[in-house]
Amino acid sequence: MPDLIRLREFLPDGKCAALVTSEVSRRYLSGFPASAGAFVVTQSRFILAVDFRYYEAAQKAVQPPIEVVRCTRLIDDLNRIFLQENIESVYIEDESVTVAYCSELQTALIPQVLTEGLSAKLNEMRLIKSDEEVEKIITAQRITERAYTEVLNMLKPGVTERQIAVELEHLIKVYGGERVAFDLICITGENTSLPHGVPGDRVVKEGDFFTFDIGAVYDGYHSDMTRTVAVKSATDEMRMIYETVLQAHLKAARAITAGNTAAKVDIAARDHIDSCGYGAYFGHSTGHGVGLMIHEDPTVYRTNHTVLRDNMVITDEPGIYLPGRFGVRIEDMYLVKGEYAVDLAGIPKELTII
Ligand code: ZN
Ligand code: ZN
C-alpha cells in the first residue's frame, strides 16, 4: 500500500480534501481496480467510493485504514461526505480531469474546487515503487520474456510481422499477462527505422533486422523491453550500428545511480551516439518511468533534472534509425538501488542472429 500519510500531508488543513477520480490513481491508492468511483482523502479518513458493481469485491479486497463506501450517485455521495467532514475546498486531479468534468464538479460540489498540485503530488508518490510494486513489474517482465523466447522459434524468412505480433500477444496472455502493455511493435527490414512502427504484412527476409518492442501487464503493472535481432545474417554496418547502440545503452545503465539525474542518463547514451556520428538518427528520449502506466515520470531526457532515488524503475532505450534502411533499439528496465542499477531483464543484450 502506498504511504497514504504523505498524501494527507499534502492537504494544508482539516477543511481541505483530495478527490481522486482517475482509474490509475484510484487503483494506486486503494489497490483495488474499478472502472468507476472515487478515492477521498481528508485529515481523518481515507474513503474508497464505489458503486453496486464493485462494492462487495472492494470490501473484501481493501484494507484499513481505507473505508469502502457504496455510492449511488457519486456527486451526491461526495457532497454528503464533504458536509460530514466540514470540507470547504477540495483538490481534484488537474492532469486527468477533463474540462467538462471539472466544470461539472465546480457546479455540483458544495466545497470550492482547487485545480493545482494534486496530480503532481500523486506523480511524485508514484515515482518511488514499493517492493511489492517492483515484484509485479518483474513478473510482467518474466511473462514477456517467456513469450518472447518461444516466439523466436517462429521467426524465420516468410513469416509476417503481424503473425509474430499476434502470437506474442497470445502467449503473453497464456503465460499470465492481463493484457499486453501497449500495441506490440513487431517490425522487420526497412520498417525497423520507424521507432513506433505498426506490425503489418511485411514478410521477414534473410538479412533483415527484426525489432520487438514488447511488454505485459501483471496486476496493473507494466513491463517494457526492446530487442533487435538479425535474421540469418547481418552486414558489417548492421553489426557496427548494433554495437554503437549497445554501448550507448550500457553507458546509460552505468549512469543510473541514486543521486544522479535523469538528464545525466540521457546524456550518457546521447553523447556516445553523437561521438560515433549518429546523433541525428537518435530522435527520442533515452527512457521513461514504468509502473501502473507504461510511460510515467521521470522522462529520461537531457532537460529533466529529476534526481534518481532508490526504487525508481526507469527504462534505458537508445536507438539509431536510418530512414528507409534499418534501425536498432535495445531497451530494458532498471531498478535504482544506490550505487548501481538492477537490470530487470533476463534476456541477453548482445546481437542475436536467428
Ligand atoms: Zn518499449
Ligand atoms: Zn519504453
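As the structure lists them, so they are numbered: ligands from 1, and atoms in each ligand from 1.
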Q | N, O or S atom of His288 closer to the Zn ion (ligand 2) than 2.8 Å | A | yes
Q.
Under a plain distance cut-off of 3.5 Å, with no hydrogens placed, do Asp208 and Thr188 share a side-chain donor-acceptor pair?
A. yes
(Q) Just to be careful: counting only protein atoms that are N, O or S, how many fall under 2.8 Å of the Zn ion (ligand 1)? (A) 4
(Q) For His196 and His295, take the angle between the two ring planes, folded into 0 to 90°, and tell me which bin it lands in: parallel under 30, tilted 30 to 60, perpendicular over 60. (A) parallel
Q: Measure the OG1-CZ distance between Thr228 and Phe212 for me, rounded to the nearest 0.5 Å.
A: 9.5 Å
Q) Short question: side chain of Glu93, backbone of Ser22 - any donor-acceptor pair under 3.5 Å? A) yes
Q) Salt-bridged, Asp51 to Arg53, with N to O below 4.0 Å? A) yes
Q. Under 4.0 Å between a Lys/Arg side-chain N and an Asp/Glu carboxylate O for Arg227 and Asp332?
A. yes
